[in-house]
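Below: the structure, in structure tokens.
This chain uses plain numbering: 1 for the first residue, then up along the sequence. Note that the structure is a prediction, hence the values are computed from the model and not measured. We count ligands from 1, going down the list as the structure has it; atoms in each ligand are counted the same way.
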Amino acid sequence: MAYVDEVYDRVVAQNPAQPEFHQAVKEVLGTLRPAIEEKEDEYRKEALLERLTTPERVILFRVPWVDDKGQVQVNNGYRVQFNSAIGPYKGGLRFHPSVTLGTLKFLGFEQTFKNSLTGLPMGGGKGGSDFDPKGKSDREVMAFCQSFMDELYRHIGADEDVPAGDIGVGGREIGYLFGEYKRLTGRYEGVLTGKGLSYGGSLARTQATGYGLIYFLDAMLKENGRSIEGQTIVISGAGNVATYAIEKAEQLGGKVVTCSDSTGWIYDPDGIDVPTLKLVKEQHRARLTEYHELRPNSVYHAHRKGDGTPGVWTTKCDIACPCATQNELELDDAKALVENGCYCVAEGANMPTTLEATQYIQGHGLLFSPGKASNAGGVATSGLEMSQNSERLSWTFDEVDQKLHGIMNNIFRNVADTAKKYGREGDYVTGANIAGFVKVADAMQAQGIV
Ligand code: NDP
Ligand code: 2IT
């Protein structure tokens, strides 16, 4: 049995009931074969893949907090410190009722490769809670964040582990988490990224994941003789990643006609109006029905995953960018996209496309970029925020944006060249996985059995 298959079986056996983690490992190991074969005996002897697929440390904790009615609520808190071979653990915190340990293990595993691709010295980690910030008052969110940090603070630090935002964790939550960390430790340090501009945040971090996705898309299209200009683009999600992907795609001449949240989606034939979207989502924290009220020319489709109504992927487009959550683009969605003439899928979310859908998309000759490459602009800019915090300086928006653009172009080049080197030209999934892996594997080998 090939070493990668043995290790995959071991992961499934050792991590029962964690299907997302199995999926992420399967997708990565499946594409690493050509890189593993070169050094299979060495890696096997050192149990390199067993170590790579086992988190260095998992922290689980109780998060009790008091709601506005005086009732005590209890949530699960987690931090998965996956791999520190190339730098301190780095990765977001997700607050969403669907969060389980398996979700965070898949995200921490993916983060390890993504961070390696950025070229910056960051290891992989992820954390979060099954807490749902939706519908909570600011005081309730603060109470939760403070309690979460009361436990987490002892495990993180500017040189140990640097969390950031993810689903359900934005500027408000990072502010409360930072305030509590400072109060507990007495240290004012870059322990979190995505901070507000008045207390150590970086310009362009808010925009970075969405902008980075479109910079990557632009590079991928140019390599293939195309351009964003004039293209019809379907985007899912209406949060941080989606909003700034829409903004940058429209700046580059694309027409983005959709956005979505967990209860419905908008088709706007005139192109999504970003100021309206920001008003609805960033300021009012409202549903997309409000977007439709403000833009009556748009169409609102009530839709929940699996309810049988048509979802956002049934919209005719040239390019599709899933920017909401994992496994949101399934095989039937991929078929609908192909049937409607879509020629490119660029992932903004983490693992938004199922394995079957990815295979269908690649098998039908579409361009496809995996999230760990095309959404790496967020964490890359977090790395730039860490650098600014260390030198106690802040760079201008243009400086950060230009560095982000350069990093996304470099990631694309590295991914494309690696795919070609291993005989898989144009297969950016294989290119990203191998390029991300090689650096981490080299560092792990150099550091001995730890
Ligand atoms: P936000 O919380 O800002 O937005 C998430 C969006 O996705 C919302 O519109 C939300 O709708 C929708 N969504 C979330 N969960 C589900 C679900 N289970 N079903 C349907 N819709 C859902 O998160 P981000 O924009 O930050 O993150 C989006 C994706 O991008 C995630 O996969 C994240 O891991 C990834 N990512 C984020 C980065 C960042 O810097 N923020 C960096 C790299 C990747 P609703 O409000 O109704 O829940
Ligand atoms: O998935 C991701 O890369 C993020 N949520 C951002 C992580 C970070 O540390 O900025």
G91: numbered ligand 2 atoms lying under 4.0 Å from its heavy atoms: 7 (C), 9 (O)
Side-chain donor-acceptor pair present, Q283, K278, cut-off under 3.5 Å: no
Ion pair R139/D68, N-O distance below 4.0 Å: yes
Minimum-distance protein heavy atom relative to atom 7 (C) of ligand 2: G92 N, 3.5 Å
Pairs where residues 381-407 contributes a residue and the test salt bridge (Lys or Arg N to Asp or Glu O under 4.0 Å) is met, not counting sequence neighbours: K195-E385
Atom indices of ligand 2 within 4.0 angstrom of S382 heavy atoms, with elements: 8 (C), 9 (O), 10 (O)
Sidechain N-carboxylate O distance under 4.0 Å for E347, K372: no
Per-pair distances, 0.1 Å, donor-acceptor, side chain in residues 52-63, under 3.5 Å, sequence neighbours excluded:
from	atom 1	to	atom 2	distance (Å)
T53	OG1	L49	O	2.7
T53	OG1	E50	O	3.2
T54	OG1	E50	O	2.7
E56	OE1	S84	OG	2.8
E56	OE1	Y89	OH	2.5
E56	OE2	S84	N	2.7
E56	OE2	S84	OG	3.3
R57	NH1	Q81	OE1	2.7
R57	NH1	Y89	OH	3.4

Nearest non-hydrogen protein atom, atom 9 (O) of ligand 2: K90 NZ, 2.6 Å
Derivation of the side chain to side chain contact (heavy atoms under 4.5 Å, CB included) call for E330 and K305: CA-CA 10 Å; E330 299 182 320; K305 194 177 176 208; 3.4 Å; yes
Numbered atoms of ligand 2 (with element) below 4.0 Å of K126, judged on heavy atoms: 1 (O), 2 (C), 4 (C), 5 (N)
Aromatic ring pairing F131/F144, orientation class (parallel under 30°, perpendicular over 60°, tilted between): parallel
Residue G165 vicinity, atoms of ligand 2 by number, heavy atom under 4.0 Å: 4 (C), 5 (N), 6 (C)
Region of N375 engaging ligand 2 - heavy atom pairs below 4.0 Å: neither
For H96, all residues meeting side chain to side chain contact (heavy atoms under 4.5 Å, CB included), sequence neighbours excluded: R94, S98, V99, I167
Inventory of protein N or O atoms under 3.5 Å from ligand 1 N or O:
from	atom 1	to	atom 2	distance (Å)
ligand 1	2 (O)	G168	N	2.9
ligand 1	3 (O)	N240	N	2.9
ligand 1	9 (O)	A238	N	3.0
ligand 1	11 (O)	S262	N	3.4
ligand 1	25 (O)	N240	N	3.1
ligand 1	25 (O)	V241	N	2.9
ligand 1	32 (O)	N350	N	3.1
ligand 1	34 (O)	R94	NH2	2.9
ligand 1	34 (O)	D166	OD1	2.6
ligand 1	34 (O)	D166	OD2	3.2
ligand 1	34 (O)	N350	ND2	2.8
ligand 1	40 (O)	R205	NH1	3.4
ligand 1	40 (O)	R205	NH2	2.9
ligand 1	40 (O)	T209	OG1	2.8
ligand 1	46 (O)	R287	NH2	3.2
ligand 1	47 (O)	S262	N	2.8
ligand 1	47 (O)	S262	OG	2.5
ligand 1	47 (O)	R287	NH1	3.0
ligand 1	47 (O)	R287	NH2	3.0
ligand 1	48 (O)	K134	NZ	2.7

M386 and ligand 2 - part of the residue with a heavy-atom distance under 4.0 Å: neither
Proximity of Y300 and Y267 rings by center, below 6.0 Å: no
Distance-only polar pair, side chains of D427 and Q362, donor-acceptor under 3.5 Å: yes
Worked verdict on K136 versus D132 for salt bridge (charged side-chain N to carboxylate O under 4.0 Å, His left out): CA-CA 8 Å; K136 304 288 191 301; D132 186 0; 5.3 Å; no
Sub-4.0 Å atoms of ligand 2 with respect to non-hydrogen atoms of K114: 1 (O), 2 (C), 3 (O)
R205 touching ligand 2 at heavy-atom level, < 4.0 angstrom: yes
Y8 and H22 aromatic ring geometry - parallel, tilted or perpendicular at 30°/60° bounds: perpendicular
Where ligand 2 meets A164 - atom numbers and elements under 4.0 angstrom, heavy-atom basis: 8 (C), 9 (O), 10 (O)
P163, any N or O under 3.5 Å of ligand 2 N or O: no
N240, D166, N350: member with heavy atom nearest to atom 5 (N) of ligand 2: D166
